[in-house]
Amino acid sequence: MKSCLVVDDSRVIRKVARRILEDLRFQIDEAADGLEALNACRRTMPDAILLDWNMPVMSGIEFLRQLRREEGGERPVVVFCTTENDVDHITEALKAGANEYIMKPFDGEIIQSKFSEVGLI
Amino acid sequence: MNALPDHEFQFIAREIRARSGLVLTPDKSYLLETRLAPIARKEGFASVLELISAVRVRRDDRLLWVIADALTTNETFFFRDKTPFDQFRDLVVPDLMKARPPGARLRIWCAACSSGQEPYSLAMLVQELRAVGKIGDVEIVATDISDRVMEKARAGLYSQFEVQRGLPVQMLVKHFEKAGDLWRLSERIRSMVRFQRHNLLEDARVLGKFDIVYCRNVLIYFEGDAKRRTLEMIAGTMAEDGVLFLGAAETTLGITDAFASSPDRRGLYRRVAGWRRAA
């Protein structure tokens, strides 16, 4: 079973994402901001990370840049999942090492499509 | 919806089948309500039943086409099912490039292209292959029975939902730009596809000869003889070594011997060299 860390400051979004990803047979861990996510990754690197952009304490993009510098931090497949939906943000995310990018609102079909795009399912 | 009286259902099913080949079975009658309610409203009828009754009484040919159009439009997305596109890039194009003289033009037909995601997916792949010199001149012809969806296809405008189904984000960034809430495909990719209205039940020879044909998830809606006629019509437009892609739930087996399936390649059919349509 693959693991996925769901990072979002909204508890509702985390719950929706958890439900979709558990149906896709992922084991879910949650974090409410970038720093929590970083600490979670330092304990155990997940196989996948579903990552919001705008969060208090540490944003998604800051987290990603830091993650990719950590030992083993190149391994997780990172899929952004954010309301930021312009080319500049997407390009910045890819440059920082994101593997895929979901623009909110999302549904199960989009998560499935994007996760299979990057070989997670 | 109040159940459609049997004679109204029979009427509309017969007329739709004659126009588009679509077989409307009673278990699909929900389609009538969901797809035709907007048309009924727009045309000033109080209900779908009223719309169908009026069309029957008046023999309104224009409205019958509008109805056929609404019922035959099916959802599609970029790189749908993935495999037929991987096979195009990794197998079919290399084979055909070897088989053709240098400089020959490959012709591709997307039959029933709907809102354009399939031909545009191929155009994006062709562009990638061209960048590394693995493909030469290509012409992509995309047809559909519905003017409405082809208008959308030509515009190359897709919603945020549509560009997130099947399309890798790298391709989104490379080939699309934002246009308000929508995403517009680049002129460069759009100009690689020629859209033309065509009914699959009509003679396709006017479209010319093709090396590769995509006709996916259409035949499942056709009854037996329409399936055979359509497949043989397609075979008639194909080069002797041409390749046909069908949907995952479709086959030529037991329908026509114009094509041979590929044992380990589901959905890929090769035209049988020397096959001729019975006079």
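To find a chain, count down the sequence lines: A is the first, B the second, and so on, and within it residues start at 1.
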Working note: N217(B) + E250(B), criterion side chain to side chain donor-acceptor pair (under 3.5 Å); need CA distance, chi angles, decisive distance, verdict.
CA-CA 7 Å; N217(B) 308 307; E250(B) 297 165 329; 5.8 Å; no
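With D8(A) as the partner, the salt bridge (charged side-chain N to carboxylate O under 4.0 Å, His left out) test is satisfied by one option alone out of R14(A), K104(A), K15(A): K104(A).
For residues 120-135 of chain B, every residue pair satisfying the side chain to side chain donor-acceptor pair (under 3.5 Å) rule, not counting sequence neighbours, is listed here: Q127(B)-R188(B).
Both the backbone and the side chain of E100(A) come within less than 4.5 Å of a heavy atom in chain B. Both the backbone and the side chain of N85(A) come within contact range of chain B, each with at least one heavy atom under 4.5 Å from a heavy atom of that chain. Within the 4.5 angstrom heavy-atom criterion, only side-chain atoms of L172(B), from C-beta onward, approach chain A.
Considering only heavy atoms from C-beta on, R75(A) comes within 4.5 Å of D47(A) through its side chain.
When only modelled atom types and interatomic distance are considered, W53(A) and S59(A) share no side-chain donor-acceptor pair under 3.5 Å.
Looking at residues two or more places apart in sequence or on another chain, you find no side chain to side chain donor-acceptor pair (under 3.5 Å) involving D144(B). Residues forming a salt bridge (charged side-chain N to carboxylate O under 4.0 Å, His left out) with E162(B) (at least two apart in sequence, or on another chain): K152(B).
Chain B forms the most heavy-atom pairs under 4.5 Å with one residue out of I102(A), D86(A), V118(A), and that residue is I102(A). If you tally non-hydrogen atom pairs under 4.5 Å between each of K82(B), Q170(B), Q160(B), Q164(B) and chain A, the highest count goes to Q164(B).
Below 4.5 Å, heavy atoms of chain B meet heavy atoms from I90(A), T91(A), L94(A), all part of residues 88-98 of chain A.
Between the R17(B) side chain and the L24(B) main chain, no donor and acceptor come within less than 3.5 Å of each other.
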